[in-house]
Engineer: 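This is the structure I have questions about; it appears just below.
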Amino acid sequence: MDLDEYGTATETKAFQENSTPKEICDKYHAIHREVYEWFDISFDEFGRTSTPQQTEICQAIFNKLLENNWLSENKMQQLYCDTCSKFLADRLVEGSCPKPGCKNGSARGDQCDVCDKLLSPTELINPRCKVCATSPRIRDTEHLFLELPLLEAKLREYIMSVKGSWSENAIDTTANWFKEGLRHRCITRDLKWGVPVPLEKFKDKVFYVWFDAPIGYVSITKCYTEEWEKWWKNPQNVELYQFMGKDNIPFHTVMFPSTLIGTGESWTMMKTVSVTEYLTYEKDKFSKSKGVGVFGNDVKDTGIPVEVWRYYLLTNRPEAKDTTFAWADLKEKLNSDLLHNLGNFINRVLSFIAKPDLGDGKGSGYNSIIPDAPCADSHPLTREFAEKIGDLVDQYVKAMEKVELKKGLEHVIKISDKGNKYLQKSQFWKLYKEDLPSCSIVMRTSVIKQLNRPLPLSLSDEEGDVVVKAKSPWEIIPVGHKIGTPAPLFTGLNDEEVEFFRNKFAGSQADRADRAVKEEAEAKDVTEKLNTTKITDEGGTKECSSKSSTEAKTQAAAEQELTISRLDIRVGVIMEVQKHPDADSLYVEKIDVGEEQPRTVVSGLVKHIPLEEMQVELVEPPASAVIGERVTFSGFDGKPDDVLNPKKKVWETLQVDLHTGKDLVACYKDIPFTTSAGVCKKAFSGLKIGLRATFNLSRRQALTMDNNNTTTTTSQKPAKLPIPGKRNILITSALPYVNNVPHLGNIIGCVLSADVYARYCRLRGYNAIYICGTDEYGTATETKAFQENSTPKEICDKYHAIHREVYEWFDISFDEFGRTSTPQQTEICQAIFNKLLENNWLSENKMQQLYCDTCSKFLADRLVEGSCPKPGCKNGSARGDQCDVCDKLLSPTELINPRCKVCATSPRIRDTEHLFLELPLLEAKLREYIMSVKGSWSENAIDTTANWFKEGLRHRCITRDLKWGVPVPLEKFKDKVFYVWFDAPIGYVSITKCYTEEWEKWWKNPQNVELYQFMGKDNIPFHTVMFPSTLIGTGESWTMMKTVSVTEYLTYEKDKFSKSKGVGVFGNDVKDTGIPVEVWRYYLLTNRPEAKDTTFAWADLKEKLNSDLLHNLGNFINRVLSFIAKPDLGDGKGSGYNSIIPDAPCADSHPLTREFAEKIGDLVDQYVKAMEKVELKKGLEHVIKISDKGNKYLQKSQFWKLYKEDLPSCSIVMRTSVIKQLNRPLPLSLSDEEGDVVVKAKSPWEIIPVGHKIGTPAPLFTGLNDEEVEFFRNKFAGSQADRADRAVKEEAEAKNVTEKLNTTKITDEGGTKECSSKSSTEAKTQAAAEQELTIGRLDIRVGVIMEVQKHPDADSLYVEKIDVGEEQPRTVVSGLVKHIPLEEMQNRKVCVLCNLKPATMRGIKSHAMVLCATTSDKVELVEPPASAVIGERVTFSGFNGKPDDVLNPKKKVWETLQVDLHTDKDLVACYKDIPFTTSAGVCKVLSISDGIIR
């Protein structure tokens, strides 16, 4: 390496220090050498550029360039100081920065330190000479230039030939230089200090530093050896690797290579370049000019060893992006990687070997002698360890060969980690007594000499290559080698020291010098005062000791015997944890260690243990250990030091013998960590872990106060007509085709989405009607009739009735649900056709279709099948419209070997004449309409329509050779009907005519009616191109579509919904599931595929039902209504309001209620804005938040206490919380026909009248569990045909089992008796169900999580082993992965509900449930006190009954009691206002006040 000594910077520094350039170079060369020596840099030569060798080689290279005509002469303008009689170096000029907005008046001639703009001196405003302060002038000066453009081809050729690796930033920077164009570069300067230019004309100039500095590599090699050319002019045998920062890239990838190439000589050219980004300092930049950061001469004064600095800088090497030096991060890496990992490994081994060997098994070590290790390669544990070490070395070598230094170091540091695990697993301290040869193998294997060398941790030495040796580590150190006296390699840093260093190195070096002067003066002043002051404890005076009392205590402690009792280890519990605000690698915790206040503790686990893989071996005291009690070690009873003296390395020395045994017990040597409650153990995963509840499904029970659910109507009320002055909204959903049962994708894509918007419009007071019906004409109907051996009319009647029944069950609020096979459809369809014909928008053309001579008819697309024409698709039964295997859309004539599905003969192609709508002629009018639309179209509607225009509109056939359809009213086409795409959208109009004879007031009234249409994406072009063109073509004034809301596809589990294949859940299936319609509507709406395809999944339905509906909405409604329904006995002796809504005077002045009302009002406003944009999912999200806010309002109010203490306030809370609309069929409406509660919502206490009597409340929702999910998933697997087959088989099996049971008598003893009508278990369950419904029936226990891991088949689930005081831990499955981010998880003792019925969750049976407190955005575990006994039952004062063995899910014991579980403002878990209590105190949560417990 070299020290670059020539150039502007040196002359400037010399001026600043009033010295000569030579003196500056000598001074700083010595400083650099000293720094690098301290850093243990292993130069072969560390030279300098101000040498004769530099001049010689630099001038020789220059002469070659001159000789080969790669140089040119050109004039430049520079600043010249007449006072100093010289051209000024860049840094000897300063002035105002020219960058707009930058007000720096002292910018340098090369850069502005304020805005960082790179400058040339001539750009400065009002420049001045820094030597004499006069204003320089611009003057011409001639210079020499290297013609890089002429060398570009040769430079590119070299770069393309490089076989090494270049850093990404080197590649990018070089590419940018080529992209911007190479320019000639000046190689001379008007300076005195540098290599002189060997030309008379330029004798007063020197070479520019960028030109001569890289040549320094060569000249310093010449100083190292006179045979330097064997290195530098030997490209066949020498590889050149260069390391630098990114600001040096172009000098090494463009300029220096061009210089060498230009000589025409055979130079060793750079093969590999490793370039770092910038290392920043804390939150600032390192800056030599400003003196900001930690400098090389600073580090040795910190007392931190060089190995630490080397390790930290390498782990933080900015290889791919800028990194930051931070004192806290240095502390963390030192303490965790070096002290506790590497240092621990080395020190444990060497300390053990150094212990005495007294012979006869009475010793404890090897007298500092490396033992022999015969048969090490056959020792299983050692062989395994050696293989791991060998693998790590291999990975290290591969990384280093690629110059991936950080990655290499990561592999190496893992060796000590594996070593520590090897030592623990071996239990060498026991082996010494029980199996000395094995202990010797472990010890000799673990003394890996290289791990104790100065970092970076080497893996080879001069005697041989341990890339091979690593696989036999016991051979690295010779037997009999005597080690020195071991001592800890590293001493940790604490936060006080970090803060000290951070303050010490804050600001610039000048700032630090000023501080040092002031501190020295202050220290001197304090010393003088202390020397003249006498102090006694009583306030009197005495001579001061030369040491303070604290110092004396510390010295005394340091001089104690070095035993484990000096450590003050206590039982603590983590009360709170969060990320460090200024350090991504740190956690900040509050830990209760039995003192008045918790201690703040900062840990560094974030970076070192990826949270998703965390297997933190935390040492845990027993659950019943007293917080703050001291952990003891048998035989060591001394008093701990007040503060451990870091200089004496007490902790570091003792820590090497701390470990966990195979029984998970934490030990010092082989002495357990002991508390009053037992020994301490390690626990699996330092995470906060909890379980979501699983719930049993049963039929939905009673509703609530209002049972006026809107149901499907068909013209039973007088028809609504547009009303002048009101918003009149006509809503349609795509007409479902009548050839099959609608599946869930159809329902959410069309009818349900439109229903939600229609309800919203009505309840907002808009005059809205919702029109839909079945699409009944066309090919599909004829095909279905053929398949079912029926007529098209019979098919339509059958499936129209099925559709109507399905939509009635789904509570779809049509104003009219009609059909297209009506006289009204024929009338309107033919009238529109006649107008198109009259206006010349139609044409006649021939088409080729398949004709079956046997059947004497043209075949509908779906009445033809054959081989798919798509290459690679082997489907021999593709339909005439689509192949179901590859999904290719087809026409019948494309099929290979087509055949008629009716008679199986081969049809022939035959011409047939048809009518076409001339879309190209209508395009201008269609575009004009689309541009005039003021509503909103879904993105997919816009994109699809734009694509149709882009591809060019074509004429479209509107007739078909079918019998079933609207006949074409022309003699020539009397045997044809209209194509379904033409007549189906007209069905919206004809069904409206069935609704009212005044249909034209809706459909021909564009000034007063807005048309909103809902559909799936496959229907887009029919509604945005074809139907509008049809209406435009009539020349009449039609109500045209303003807004279209189009869904993507809803898929089923991992497959597509398919009516033709019968895949998915169909409308007639859902009512048989026992899951209420409100749940289906809610789930489909939350899963509405608005912007992309979404997936129906049973597990997801369960999750949304249990969390959103059962625990959020249902909990809110049930808590309020259950409370109101309780008796009012008068005189404060009751517990409710006798089911009567109470009065709430002065509600608007009740602060908590006013706050709640404001929140509700805000949510309603957001809901309205979303719904006005037809953003249905977003609207529903805002609405469901109302119940969340309601739950929080109830908790915060503590209404159960108010009833006894402040009845008027309780009445306000109750009346306010009875929000009528929340109990209507979903979607949750926020208006009704009596008025607009967008306004009312801000006064929710006014919504329900005083004195209204509610019905008998019961839970609105029942949860689903995983067994039920699995049941439904299996039940609806495959196609409908598959299900039918399964049903037949199951029915037969069930019949067979029943017959056997009816003929068999069974007794418990194996004899026979008449079977009881109820089993013993059923009887017990019934008896339990008939008990009084109290909290005492729940079996809630204190548990501790012993082990946790991700569920192998479910990303959202954990699987835990929880000790609840039984012989074996229980397996529990929880759904907290999504709800509690892993990075916030810590080990917790937990409250476990143990008598729920076990439930299988994604294949794993869960045998309990962990209780959590929740809000809408947060989940926390309910925690017993640290000293609570594992397995003890959590009790509730006044409720002492025996718990049920298993809760009966049909009786909803848990669901009914759960609504009164919550956390109070003091974070205490409560049933009503009774705390969860253990023998050690009450149970709490970390931070959720007024939360729901479930």
Side-chain angles (χ1 to χ4, degrees), residues 708-735 750-773 807 810-818 933-937 985 987-1015 1023 1038-1046 1081 1085 1164 1167-1176 1179-1180 1183 1221 1224-1239:
N708 58 343
N709 298 346
T710 307
T711 56
T712 305
T713 62
T714 53
S715 304
Q716 294 174 0
K717 296 179 181 179
K720 288 184 277 187
L721 297 174
I723 301 170
K726 290 197 76 170
R727 278 194 74 183
N728 300 295
I729 299 177
L730 173 57
I731 300 165
T732 71
S733 65
L735 307 182
C750 305
V751 295
L752 179 57
S753 295
D755 179 62
V756 171
Y757 189 70
R759 287 173 178 273
Y760 166 77
C761 290
R762 295 187 198 106
L763 300 173
R764 287 281 288 142
Y766 304 150
N767 185 38
I769 63 170
Y770 176 18
I771 300 296
C772 190
Y807 302 141
F810 264 97
D811 203 16
I812 306 298
S813 60
F814 302 117
D815 286 272
E816 182 74 15
F817 181 73
V933 171
K934 293 180 180 177
S936 62
W937 286 19
Y988 301 132
V989 186
S990 71
I991 294 169
T992 310
K993 179 172 170 58
C994 293
Y995 172 64
T996 172
E997 282 299 322
E998 297 182 85
W999 62 273
E1000 290 184 334
K1001 290 184 177 179
W1002 285 107
W1003 279 102
K1004 292 187 177 181
N1005 189 0
Q1007 293 76 26
N1008 297 312
V1009 176
E1010 304 169 43
L1011 174 58
Y1012 282 66
Q1013 297 196 289
F1014 292 79
M1015 66 203 65
H1023 290 77
W1038 287 90
T1039 299
M1040 304 290 284
M1041 181 173 67
K1042 174 185 176 182
T1043 293
V1044 59
S1045 179
V1046 182
R1081 286 176 61 101
L1085 285 166
V1164 174
Y1167 164 77
V1168 169
K1169 288 173 183 174
M1171 294 300 288
E1172 288 296 330
K1173 296 177 184 176
V1174 199
E1175 295 174 347
L1176 307 187
L1180 185 56
V1183 173
Q1221 286 69 16
R1224 307 185 85 183
L1226 294 168
L1228 313 178
S1229 325
L1230 287 175
S1231 295
D1232 60 21
E1233 293 171 5
E1234 287 73 47
D1236 183 356
V1237 295
V1238 173
V1239 177

Engineer: Between the side chain of Y1012 and the main-chain N/O of S1045, is any donor-acceptor distance below 3.5 Å?
Structural biologist: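 No: the side chain of Y1012 does not pair with the backbone of S1045.
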Engineer: Would you give the length of the straight line joining atom CD of E1172 to atom NZ of K1169, rounded to the nearest 0.5 angstrom?
Structural biologist: 11.5 Å
Engineer: Say you draw a straight line from CH2 of W937 to NZ of K1042; how long is it, rounded to the nearest 0.5 Å?
Structural biologist: 13.5 Å
Engineer: Do the non-hydrogen side-chain atoms of W1003 and V1009 ever get within less than 4.5 Å of each other?
Structural biologist: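 Heavy-atom side-chain distance check fails, nothing below 4.5 Å.
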Engineer: If we only count heavy atoms from C-beta on, is the H1023 to Y988 side-chain gap below 4.5 Å?
Structural biologist: yes
Engineer: Starting from the C-alpha separation in whole Å, work towards a yes-or-no answer on side chain to side chain contact (heavy atoms under 4.5 Å, CB included) for C750 and F1014.
Structural biologist: CA-CA 6 Å; C750 305; F1014 292 79; 5.7 Å; no
Engineer: Can you check whether V756 reaches M1171 side chain to side chain, under 4.5 Å on heavy atoms?
Structural biologist: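 SC-SC contact between V756 and M1171 confirmed.
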Engineer: Looking at OG of S753 and CD1 of I731, how far apart are the two atoms once the value is rounded to the nearest 0.5 Å?
Structural biologist: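 S753 OG to I731 CD1: 11.5 Å, rounded to 0.5 Å.
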Engineer: Going from CD on E1010 to CD1 on I729, what distance comes out if it is rounded to the nearest 0.5 angstrom?
Structural biologist: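 It comes to 5.0 Å.
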Engineer: Measure from the side-chain N and O atoms of T1043 to the backbone N and O of S936, and report whether any donor-acceptor pair falls under 3.5 Å.
Structural biologist: yes
Engineer: Is there a side-chain contact between E816 and I769, using heavy atoms and a 4.5 Å cut-off?
Structural biologist: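 With C-beta onward as the side chain, the pair stays apart.
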Engineer: Just so I know, are the side chains of D755 and Y807 near enough to count as touching, which here means a heavy-atom distance under 4.5 Å?
Structural biologist: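 A side-chain contact is absent here, since even the closest heavy-atom pair is not under 4.5 Å.
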Engineer: Atom CG in N1005, atom OG1 in T1039: separation rounded to 0.5 Å?
Structural biologist: 5.5 Å
Engineer: Could you check whether any side-chain heavy atom of Y766 comes within less than 4.5 Å of a side-chain heavy atom of Y760, counting everything from C-beta outward?
Structural biologist: yes
Engineer: Mark yes when over 12 heavy atoms from residues, nucleotides or ligands other than K1004 sit less than 6.0 Å from its NZ; otherwise mark no.
Structural biologist: yes
Engineer: Determine the minimum heavy-atom distance between V751 and C772, stating which atoms define it.
Structural biologist: CG1-SG, 3.9 Å
Engineer: So, taking the atom named CG in D815 and the one named OG1 in T996, what distance separates them when rounded to the nearest 0.5 Å?
Structural biologist: 11.5 Å
Engineer: Shortest non-hydrogen contact from A1170 to G1179?
Structural biologist: CB-N, 3.7 Å
Engineer: If you measure from the Lys or Arg side-chain nitrogens to the Asp or Glu carboxylate oxygens, is any gap between R1081 and D811 under 4.0 Å?
Structural biologist: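 Looking at D811 together with R1081, the answer is no, because their closest N to O distance does not fall below 4.0 Å.
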Engineer: Please check if the side chain of N1008 supplies one atom and the backbone of I723 the other of a donor-acceptor pair under 3.5 Å.
Structural biologist: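 Judged by distance alone, no pair lies under 3.5 Å.
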Engineer: Check whether any side-chain heavy atom of Y770 lies under 4.5 Å from a side-chain heavy atom of S733, and answer yes or no.
Structural biologist: yes
Engineer: Tell me, do W1002 and N728 make a side-chain contact under 4.5 Å, heavy atoms counted?
Structural biologist: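 When only atoms from C-beta onward are counted, N728 and W1002 do touch, with a gap below 4.5 Å.
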